[in-house]
Amino acid sequence: MDDNLEQPNAEAKPLLGNEAEEEDQSSGDDDEGPDWTKLMPASSRPIIPKRGDKEFEPLKQGGSGLQQHILLRSRNAMFEALRATRTISNKTVSYGTWHPTLARVSVAVPRGTSMNNVGHTVPREMVMPDGTMKTQKRLELLPEEGVYLIERGSLMCWKEYTIEYPNDGTFESVTGIPMTVQQAYTEMIGTEDLTMDRYQVYAYLKRLGYSVTRSKPPNAFYPVAGLYPPSMSALSSSYILQRIFSTFSSWISGIFSPLFSRAFDWWRPLRINRWLRSEKNHSFMFRSLRFIPSGHKVPIHSHTETTSPYEPFFNLYKPPTPFKKSAPPPPDYQMVVVNARTTPMPSLSELTAIYDNAPELPLPLPRVRNPSQIQGVSYKKNAAGANIPLESRTTKETITPSMTIGAANGLMPSWFSSRTSAPSKQNERRVNPFAVLRQGTKTAIVATVDAGTINIFRFAQGAFETGPWY
Amino acid sequence: MDSRKIPIRVANGRAYIWDVDDLQTIRSEHRLCGLLVGTLPHLSQQNLFLGIPSQLMPEEAALLVEKEYAVFVDDASAYRGATLSEFNAWNAEQREYIKHQQLVLEQEHANKKPPEVAQKVMSEEAIRKRKEREMKRQKKAAELQETEAEVPNANEEKVVEAEAPESSNAFPTTYNISIAAPSSSVPWYDPSNSTYSSISSAKAAGIWDFPSDLQDRARYGVFKDLWEQGYFMGGGIRFGGDYLVYPGDPLRYHSHFCATVISSPTQRIQPMEIVAHGRLGTATKKTHLFCTWDDEKGTVDYLSIEWAGFG
């Protein structure tokens, strides 16, 4: 075993998307775990080491002398690393007060970059030094933000307390009882809908560098994320109309309503306009012959009204996203957090509810040889677009019109689409249909937590009856 | 460790270990690992190495208490308000700590033993590179000065300004603040009235609920049985099972089995499951283990599945 420290090579593992799935299945790497001996030299600059090699099994009686020695060394390295205390310079530490009744940490002295993307300002009634009440805005942290900053060593937190403790100015103007990290875990988790599972996912994402906010504002002052760009405003309005209409009609005629609304003629299913040449192709004919309604525009029938555990809880912003905490942009992802031991798989209606609020994803780009950056699937156009050779960039642009049309297929009378989509297909490099199917048009991301182990899944909504193959 | 029982801090139904010494005991004497879930204070932007606290699986916590190695502590009710003297003592301690740092800093400053320590850590190549960089920078700066000699540039002035206050009163005002992790280090943490030495008493107090049903009992039974045979256990959700079974400390050895708990001997297993688990186990270089719990007899039967390459 060598002590040569490697250069930092631990990349943030790709959270979502193809690579993550493949890796999880491919090897037993995951149970290898970190080699704590690489943390041994307590150097000033932390170095993220490479994983070590493990052995198959110990020899009889708990291992040979060498094995025991190495094990002891690994363990000691681990415990030494764990014993490190949280110290922070008084120039970068923030001071805050935990208000158990509000379930918030008010930040009296915000400092450091870790404050850049947490917290929100709330006007509160406060007692002024002269004894009067006054409404003032102050920065407040949600419990998860508080715990994370405390545990990270960026925030020194005090618990609001009825007794006035003397303040000699050592810790500036904050008063109360100082809290330990343990106390923060115990008292802050469990408030304001924050479960341990959710906190663990939050901390995991924060450590990866994401900006994380709540999907559902916990109070009126919490900044609401921007809305997704209305990619298909025309579609969505008619979509809502259709939804209203079809729920109404399904109430009357149940499953048969789509048949009647389309006025499907059983004796003459194929009506080809003799003047329109464009109708004489396979895709048009197949579409005309389809009499069972399909696709996600058809509302699902069983509707459970109970509250579902599958509601997006966190909004995620990728690290490089310009993030303004008072007016956050539409999130890159939304994430659901569930307990792996108690929550069953999501039902179709639960998933549909998530998809209904999710943005439509752009078509996947053709594969690039050396992608500049591995990214998950987002509603945004691939940010790496700038680095992609010009050829594929033009492809992307020409795809877009055909995508809107493809999605409209489900609604519009089909002769419309097949005619207009013809010109855009001329100079387009064909998108791989399997990649499109695999990615889907909408996505739902679920983090499951089992006794501290986090797994993140992506569900995708895709459709066979629309897409670039038409 | 003598007869002192390890306190398992229970908060929101989860079991945590906050003291590193306890963690050490649990790991080396009781062969239980827990799972580190906290952020390491000095490596806070990565997920590979995590820190205190260690979250115990419910099985682990229940086992430790049943074997009388540990007790449950209801953490939320263990904090009482600090008395004035306790608070003052704490405050004095903090001041002492800060003063001590200043003293050390001043001494270091007096001894003028600057970056030697840092240089030892760096390799020779790094030093060489740094020197090259320095040379380049100096060259550039010289060039810049030559070209802009007549313009007393504002930039530089600003830099000087910014640096000046820091260097002039650096050691009296810059110091480190230490944030304590385990509550056992503060005097107003008093778990004596909220300690439960058995699972049933903790259940009665409403802070703990494992094992609560047949599924839990089966999981616990299997876990205990494997543990009693000398195995180490970890969570197996990443491998499509309930537990990973290690022959030795997971720090040093790979797991041999991925175990699935079946809560009754009469429960049916679909052939698909056997194929799926066999396949998955092979792909991850493990043997899949079906562990059947008999709730009446309190015994476990094991069935291992491996891919046999016929044909």
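Just the heavy atoms: all of them, side chains too, but no hydrogens, waters or symmetry mates, feed the values below. Please read all numbers here as calculations on a predicted model, not as lab measurements. Here is the naming used below: chain letters follow the sequence lines, and residue numbers restart at 1 for every chain.
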- In terms of heavy-atom pairs under 4.5 Å with chain A, which of B:Gln24, B:Gln215, B:Met57 leads? B:Gln24
- Message: I need the residue from B:Ala181, B:Gly51, B:Pro247 with the largest number of non-hydrogen atom pairs under 4.5 Å to chain A.
- Response: B:Ala181
- Task: Identify which of B:Ser183, B:Gly38, B:Gly236, B:Gly34 forms the greatest number of heavy-atom pairs closer than 4.5 Å to chain A.
- Result: B:Ser183
- Query: Based on non-hydrogen pairs under 4.5 Å, which of A:Ser89, A:Ser154, A:Ala203, A:Ala84 is most in contact with chain B?
  - Reply: A:Ser89
- Task: Please state whether the side chain, the backbone, both or neither of A:Leu72 comes within less than 4.5 Å of a heavy atom of chain B.
- Result: neither
- Verify side-chain contact (heavy atoms from CB on, under 4.5 Å) between B:Tyr79 and A:Met179, making sure each step is shown before the conclusion. CA-CA 10 Å; B:Tyr79 297 92; A:Met179 289 176 86; over 6 Å; no
- Note on the structure: All heavy atoms of B:Gln55 vs all of A:Gly452, minimum pair found to be OE1-CA, 3.9 Å
- Message: I want to check something: taking the side chain as every heavy atom from C-beta on, are B:Arg14 and A:Asp197 in contact at a cut-off of under 4.5 Å?
- Response: yes
- Item | Side chain proximity check, B:Asp249 to A:Arg75, heavy atoms < 4.5 angstrom | yes
- Message: Tell me the closest heavy-atom pair linking A:Glu151 and B:Thr39, and the distance in Å.
- Response: OE2-OG1, 2.9 Å
- Any idea which heavy atoms bring B:Gln45 and A:Tyr148 closest together, and the distance? OE1-OH, 3.9 Å
- With only heavy atoms counted, which part of B:Leu23 is less than 4.5 Å from chain A, the side chain, the backbone, both or neither? both
- Query: Under a 4.5 Å cut-off applied to non-hydrogen side-chain atoms, are A:Thr195 and B:Asn12 in contact?
  - Reply: no
- Side chain, backbone, both or neither of B:Ser28 within contact of chain A (heavy atoms, under 4.5 Å): both
- Check each atom of B:Leu56 against the heavy atoms of chain A and say whether the ones under 4.5 Å are side chain, backbone, both or neither. neither
- Relative to chain A, which segment of B:Asn88 carries a heavy atom at a distance below 4.5 Å: side chain, backbone, both, or neither? side chain
- B:Arg252 side chain to A:Glu57 backbone, donor-acceptor under 3.5 Å: no
- Compare all side-chain heavy atoms of B:Val10 with those of A:Thr186 and state whether any distance is below 4.5 angstrom. no
- Query: In Å and rounded to the nearest 0.5 Å, what is the CG to CG distance from A:Leu205 to B:Asn47?
  - Reply: 8.5 Å
- Item | Contact check, side chains of B:Leu50 and A:Tyr204, non-hydrogen atoms, under 4.5 Å | no
- Query: In Å, rounded to the nearest 0.5 Å, how long is the span from CG of A:Asn455 to CD1 of B:Ile237?
  - Reply: 5.0 Å
- Item | Rounded distance [0.5 Å steps], CH2 in B:Trp18 versus CD in A:Gln183 | 10.5 Å
- Message: With chain B as the partner, which of A:Ile189, A:Ile88, A:Asp450 has the greatest number of non-hydrogen pairs under 4.5 Å?
- Response: A:Ile88
- Between B:Asp21 and A:Arg83, is any pair of side-chain heavy atoms under 4.5 Å apart? yes
- Supply the atom-to-atom distance B:Leu251 CG to A:Arg73 CZ, rounded to the nearest 0.5 angstrom. 12.0 Å
- Item | Closest heavy-atom pair and its distance - B:Val37, A:Tyr185 | O-OH, 4.0 Å
- Item | Options A:Met196, A:Met156, A:Lys206, A:Lys159, ranked by heavy-atom pairs under 4.5 Å with chain B, top entry | A:Met196
- Please report the closest heavy-atom contact between A:Val93 and B:Ile177, naming both atoms and the distance. CG1-CD1, 3.8 Å
- Message: Does any backbone or side-chain atom of B:Ser77 lie under 4.5 Å from a heavy atom of chain A? Answer side chain, backbone, both or neither.
- Response: neither
- Item | B:Glu60, part contacting chain A, at a heavy-atom distance under 4.5 Å | neither
- Query: Say you draw a straight line from CD1 of B:Ile17 to CD of A:Gln182; how long is it, rounded to the nearest 0.5 Å?
  - Reply: 10.0 Å
- Query: CZ of B:Phe210: more than 12 outside heavy atoms within 6.0 angstrom?
  - Reply: yes
- Query: With respect to chain A, which residue among B:Gly230, B:Ser178, B:Ala11 yields the maximal number of heavy-atom pairs within a distance under 4.5 Å?
  - Reply: B:Ser178
- Note on the structure: Value for OG1 (A:Thr87) from CD (B:Gln101), rounded to nearest 0.5 Å, stands at 8.0 Å
- Message: Is the shortest side-chain heavy-atom distance between B:Tyr246 and A:Pro58 below 4.5 Å?
- Response: no
- Task: Check each atom of B:Arg27 against the heavy atoms of chain A and say whether the ones under 4.5 Å are side chain, backbone, both or neither.
- Result: both
- Portion of B:Val186 that has a non-hydrogen atom of chain A nearer than 4.5 angstrom: side chain
- Query: Hey, are the side chains of B:Gln94 and A:Pro178 touching, using non-hydrogen atoms and a 4.5 Å cut-off?
  - Reply: no
- Task: Check B:Arg238 against A:Thr453 and note the closest heavy-atom contact, atom names and distance.
- Result: NE-CG2, 3.2 Å
- Part of B:Pro182 lying under 4.5 Å from any heavy atom of chain A: both
